[in-house]
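Structure first, commentary second.
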There are 2 protein chains.
Amino acid sequence: MGQLIHLSEAVSLAIHCLALVSVSEKSLNASTMARHLGASRNHLAKVLQQLVKHNFLSSTRGPGGGFTMRKAPGEITLYEIYELMEGKPEIEYCMAHGNECPFSGCVYGNIREKLTEEFVAFFRQRKISDIIPAIKPS
Amino acid sequence: MGQLIHLSEAVSLAIHCLALVSVSEKSLNASTMARHLGASRNHLAKVLQQLVKHNFLSSTRGPGGGFTMRKAPGEITLYEIYELMEGKPEIEYCMAHGNECPFSGCVYGNIREKLTEEFVAFFRQRKISDIIPAIKPS
DNA sequence: TGTATTTAGGTATTTGAATGCGCAAATATA
DNA sequence: TATATTTGCGCATTCAAATACCTAAATACA
């Protein structure tokens with residue numbers, strides 16, 4: 001149903017790819033990763049491009065090419081990746097249209113702010129290196 | 001930007017309307033509420049239909065018609081309304097496609113489950129009657 | 001009875017994310 | 001140098017959710 005906590009597939013792909021590249025001895029190409037993750041090669045390619053552009057990955061073209069890490073997995077927090085792919089998490093005013101809400105305080109209290117903060121705190125503390133142990137031996 | 005905590009406008013409209021109808025002495029029509037909330041009359045009408053169908057509101061057509069409460073505002077939790085409009089909040093498996101994730105535990109840990117539970121707990125405890133005091137005198 | 005008002009509900013349009021596609025650029029290797 | 005491989009990147013398409021529109025049905029009231 002409607003996802004309350006919304007994490008796009010792009011974020012998910014980025015995080016998984018960084019971990020996979022981290023543990024790979026040689027460079028990993030997009031097709032291989034797409035196959036492993038059961039994801040669209042095209043979508044994944046877009047995500048990888050972003051990660052290259054922002055210096056998380058290096059890419060090499062041509063046969064045997066692919067992607068390698070440019071930063072150590074211990075230096076990359078999940079939050080950095082989240083923000084790169086989705087932007088800063090913002091709380092939208094609930095009546096987005098005219099801000100003339102006839103209520104003096106938000107009917108949601110500050111639950112959204114609170115949950116967002118918890119999420120950010122968790123993602124800031126968690127690093128790519130933390131998720132590497134979860135990779136199944138292929 | 002991408003909303004991390006996603007609450008649709010439909011949920012928001014439903015909650016606000018129930019509070020407005022609760023404090024209204026006579027029946028409130030869709031156009032009036034739309035004006036007060038600065039929202040689309042059409043969208044709001046859909047939301048109100050749902051609330052009628054599920055016995056939160058009664059409706060009467062024709063001149064002077066509109067909506068009146070069918071349940072007491074102290075008997076309606078925000079969660080009921082959320083679930084009515086959005087369905088139960090589910091955690092999607094992050095690689096939605098093939099569930100052959102090459103990771104043994106979810107890279108997100110259980111943060112999404114935890115945040116969802118917090119949200120649900122908050123929304124279950126909060127009632128329409130709790131937000132009525134926040135209505136600005138018009 | 002006629003008319004204006006208002007909800008009901010089906011259908012259409014819009015929007016944004018995801019996905020697909022095609023070609024250019026780079027490069028390894030035969 | 002030719003060829004196969006692989007990324008880079010812009011554009012087109014698809015898909016689902018959100019939103020808008022349109023007409024029918026009901027009802028109050030003159």
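The sequence lines fix the lettering, A, B, ..., with proteins before strands; numbering per chain opens at 1.
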Any R41(A) side-chain N or O less than 4.0 Å from OP1/OP2 of dT6(D): no

Rounded distance (Å) that lies between atom C1' of dC21(D) and atom CD of Q49(B): 13 Å

Length of the line joining E9(B):CD and dT14(C):C1', which is rounded to integer Å: 14 Å

Between C1' of dA18(D) and CE of M85(B), the distance in whole Å: 11 Å

N or O in side chain of S40(B) less than 4.0 angstrom from dT19(D) OP1/OP2: no

Nearest-angstrom distance from the residue atom CG of L44(B) to C1' of dT6(C): 13 Å

Stepwise side-chain contact (heavy atoms from CB on, under 4.5 Å) check, C106(A) with R112(A): CA-CA 10 Å; C106(A) 182; R112(A) 293 172 306 165; 3.6 Å; yes

Side-chain N or O of H43(A) closer than 4.0 Å to phosphate OP1/OP2 of dC21(C): no

Point-to-point distance, once rounded to the nearest 0.5 Å, from CD1 of I131(B) to CZ of F103(A): 5.0 Å

Interatomic distance, N29(A) CG vs dA28(C) P [rounded to whole Å]: 15 Å

Close side-chain approach of C17(B) to L48(B), heavy-atom, < 4.5 Å: yes

Atom-to-atom span, NE2 of H54(B) to C1' of dA8(C) - whole angstrom: 15 Å

Separation of dA18(D) P from L13(B) CG (nearest whole Å): 12 Å

Toward the 5' end of DNA chain D, by each residue's nearest nucleotide, K46(A) or A10(B): K46(A)

Donor-acceptor under 3.5 Å (E86(B) side chain, S8(B) main chain): yes

Ring centroid separation F119(B) to Y79(B) under 6.0 Å: no

Rounded interatomic separation in angstrom, taking CD from Q50(B) and C1' from dA18(D): 14 Å

Sugar-phosphate only, base, or nothing, as touched by A30(B) at under 4.0 Å among non-hydrogen atoms: sugar-phosphate

Test item: side-chain donor near acceptor, R124(B) and T77(B), under 3.5 Å: no

Any N42(B) side-chain N or O less than 4.0 Å from OP1/OP2 of dC21(D): yes

Donor-acceptor contact present, side-chain R126(A) to main-chain V107(B), <3.5 Å: yes

Residues in contact with DNA chain C, drawn from residues 59-70 of chain A - heavy-atom cutoff 4.0 Å: R61(A), G62(A), P63(A)

